[in-house]
Structures are given as C-alpha cells and as structure tokens.
Q: 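Please read through the structure below; I'll follow up with questions.
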Amino acid sequence: HLKLSKSSRASKRRYITKIERVPSVPVQCIQVDSKSHLYLAGKEMIPTHNTQILLNTAYHAAVAQAKNVVFVSLEMPTAQVRRRIISRHTNHAKFGLPGGLDYQKIKNGKLDSFEEKLFASVVTDWRDSPDYGSFSVLQLSKYDTVKVLAEKLMYLRSKQPIDLMCLDYASLLTGLR
C-alpha cells in the first residue's frame, strides 16, 4: 500500500504504509536503458528506481513492523546502502525534520554543526532502538552464485531469524544468467 501520509502532503513524499503477505505470482525484473536507471511508475508517473523502492520497503519492514531484514546488494557498496538507509531514517517523525537531511550533504560530509548533531542522534537511534528489527547488509559480487547467497543467508539465519530478504539486482547473480 502506497499513499501520501497526512504529515507528508506538504512535501509530496510518498511512504509505504503497510506491507502484507500475498500469494506468489510469476514476476520479472525490469532494466531501464538509461544511465540513471530511473523510470516512471504508476498512474501518477512517479520517477523511481528499483533500488530505492527496495530500500524503502526494507526500511519500512525494519522500522514500522520491527522485522529483521537482510538487504543483499550486488551493485551498491555496503557503505552506500547504510548511508541511504540512515538518510531515509532522518525522515522519521521523531526527529521533526520534514523531508529529512539532504542525502548529498550526508554523502559529501557537508552537514553543518546542527545537522551533524541531529545525524549522530539518528545513527544512535537506528543502531540502539529496541523498537526496530535488525537491518543487515550483505554484499555480494557479480561473480557470486545463488548457492553462495543461500549459504550466507543460512549463516545469518543461524544468528537470528530473518523475516525479509531484499535482493537488489538479482540478475547479476551468476546462477541466474
């Protein structure tokens, strides 16, 4: 379910408000022939990117539903995934920043002193809050196989339950080509 939340109408941001299990159906990944990989989705022609949709889904599951999430990336480095998730967390209502902190300022280390303090509190909240599920990032290379992914997930599962696994750019796995 995707809608404009009441608190976000002024900024025109959309938030995932609910995730529910549905019967499995055949699906196919899409790839857009553009450098940015952006495409327009839905009736409202919202510019989007598969990775960002997946990150938002993973974030919502971990924060709003306290699910243990493993985000598997074959394309984006672990540090970038973590930076994007923390950037997304700056939008949380508890921090009182409609629109959150600017991702580019976070990425480039250009936060002012107020923003740095806020960013530190966001990181602490993300890391220490007992209200959220865990969020693990698993980095794979394009040379890894489905078997390698399965082994790594089994290892992580031996440490704690996994409620949701998000696989970014599945077609890069060797076993799927």
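Counting begins at 1 with the first residue of the sequence.
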Q: CG of L118 to CG of L111: how many Å apart, nearest 0.5 Å?
A: 9.0 Å

Q: Could you pull out all residues at least two apart from Y103 that satisfy ring pair (Phe, Tyr, Trp, His ring centres under 6.0 Å)?
A: none

Q: As an exercise, state the distance from CG of L54 to CE of M76, rounded to the nearest 0.5 Å.
A: 9.5 Å

Q: Any pair with a residue in residues 112-124 that passes side chain to side chain donor-acceptor pair (under 3.5 Å), sequence neighbours left out, goes on the list, sorted by first then second residue, please.
A: K105-E115

Q: Tell me the ring pair (Phe, Tyr, Trp, His ring centres under 6.0 Å) pairs involving residues 117-142, sequence neighbours left out?
A: Y59-W126, H89-W126, H89-Y132, W126-F135

Q: Could you name each residue pair satisfying salt bridge (charged side-chain N to carboxylate O under 4.0 Å, His left out) that touches residues 125-138, not counting sequence neighbours?
A: K94-D125

Q: Enter the distance from R84:CZ to K107:NZ here, rounded to the nearest 0.5 Å.
A: 8.0 Å

Q: Please enumerate all residues that pass side chain to side chain contact (heavy atoms under 4.5 Å, CB included) together with I162, with sequence neighbours excluded.
A: V70, L153, L156, R157

Q: Check salt bridge (Lys or Arg N to Asp or Glu O under 4.0 Å) between K159 and all other residues, then give those that pass, not counting sequence neighbours.
A: none

Q: In Å, rounded to the nearest 0.5 Å, how long is the span from CG of N56 to CD1 of I85?
A: 7.5 Å

Q: How long is the straight-line distance from OG1 of T90 back to CG of L97, given to the nearest 0.5 Å?
A: 6.5 Å

Q: How far does CE of M165 sit from OG of S136, to the nearest 0.5 angstrom?
A: 12.5 Å

Q: With the side chain counted from C-beta on, respond yes when D168 and L55 share a heavy-atom pair under 4.5 Å apart, and no when they do not.
A: no

Q: Any heavy-atom pair between the side chains of D163 and V69 that's under 4.5 Å?
A: no

Q: Can you name the side chain to side chain donor-acceptor pair (under 3.5 Å) partners of E151, sequence neighbours left out?
A: none

Q: Report the residues that fulfil side chain to side chain donor-acceptor pair (under 3.5 Å) with S129, sequence neighbours left out, ordered by chain and then residue number.
A: none

